[in-house]
Amino acid sequence: QVQLVESGGGLVQAGGSLRLSCAASGRTFSSYAMGWFRQAPGKEREFVAAISGSGTRTYYADSVKGRFTISRDDAKNTLYLQMNGLKPEDTAVYYCAARARPPGYGSSWYFASYEYDYWGQGTQVTVSS
């Protein structure tokens, strides 16, 4: 069983920055592909960013590319999302997710929420204009 706990959310003005953290339990964290998703009120959960188990491959939604950076520190069992240049449309609850199963074929599976096995409770990010 893996437990994920997000932190770092809050209220920030447009153009500002936040860094989200996701602390994970479990000894095999370094083997898990990890992702960040978000859900705005009245909208479906959407992919934000993902990182491979090795940390060598990262993927981003077009809407955040160039502004957000995903990273991981396996020694600390922690996943990060550095968010710069925040926009009001980034307002959402942000969730981290872990895939305990072996990697899928290719890279498209990183973008699908159903490919992940464990989820955190979410952290609210609000960007004011």
Side-chain angles (χ1 to χ4, degrees):
Q1 190 73 11
V2 175
Q3 290 187 327
L4 303 173
V5 180
E6 302 97 334
S7 61
L11 173 63
V12 64
Q13 288 188 334
S17 298
L18 284 173
R19 187 175 82 157
L20 305 184
S21 299
C22 173
S25 65
R27 297 181 178 180
T28 55
F29 172 80
S30 61
S31 67
Y32 297 159
M34 301 291 295
W36 287 100
F37 290 77
R38 67 186 182 187
Q39 188 167 18
K43 295 187 177 181
E44 294 186 352
R45 189 170 298 188
E46 65 175 2
F47 170 80
V48 175
I51 188 167
S52 63
S54 64
T56 58
R57 296 184 300 279
T58 57
Y59 305 91
Y60 296 94
D62 287 343
S63 59
V64 306
K65 202 171 292 184
R67 299 188 297 123
F68 291 11
T69 303
I70 188 171
S71 62
R72 62 191 299 157
D73 185 338
D74 290 343
K76 297 181 178 180
N77 275 16
T78 302
L79 177 74
Y80 301 101
L81 184 69
Q82 178 66 44
M83 305 186 295
N84 299 328
L86 283 162
K87 304 176 181 180
E89 52 262 44
D90 295 319
T91 295
V93 177
Y94 284 70
Y95 299 89
C96 72
R99 178 180 170 98
R101 289 168 279 166
Y105 179 77
S107 62
S108 60
W109 59 270
Y110 281 100
F111 303 89
S113 60
Y114 60 81
E115 294 284 1
Y116 293 82
D117 304 301
Y118 299 101
W119 293 83
Q121 83 289 348
T123 186
Q124 176 71 47
V125 172
T126 303
V127 184
S128 64
S129 57

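Because the structure is a prediction, the values reported are computed rather than measured. In this chain, numbering begins with 1 at the start of the sequence shown.
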Looking at [X] and [Y], would you say the former's side chain and the latter's main chain have a donor-acceptor pair under 3.5 Å?
{"X": "W109", "Y": "G104", "answer": "yes"}
{"X": "R99", "Y": "G53", "answer": "no"}
{"X": "R57", "Y": "S52", "answer": "no"}

Would you kindly confirm whether [X] and [Y] end up in one hydrophobic cluster when ILVMFWY residues are joined by side chain heavy atoms under 4.5 Å apart?
{"X": "L18", "Y": "I70", "answer": "yes"}
{"X": "V93", "Y": "Y80", "answer": "no"}
{"X": "V127", "Y": "W36", "answer": "yes"}

What distance separates Y95 OH from W119 CH2, expressed to the nearest 0.5 Å?
9.0 Å
Separation between CG (L20) and CD (Q82), nearest 0.5 Å, reads 9.0 Å
Between Y116 and F37, how do the two ring planes meet: parallel, tilted or perpendicular, split at 30° and 60°?
perpendicular
Hey, is K87 close enough to D90 for a salt bridge, meaning N to O under 4.0 Å?
no
Would you kindly check if the NZ (Lys) or CZ (Arg) of R72 is within the cone defined by 45 degrees around the ring axis of F29 and under 6.0 Å from the six-membered ring centre?
yes
Do S113 and Q39 pass the side chain to side chain contact (heavy atoms under 4.5 Å, CB included) test, and can you show the C-alpha distance, the side-chain angles, and the key distance before you say yes or no?
CA-CA 12 Å; S113 60; Q39 188 167 18; over 6 Å; no
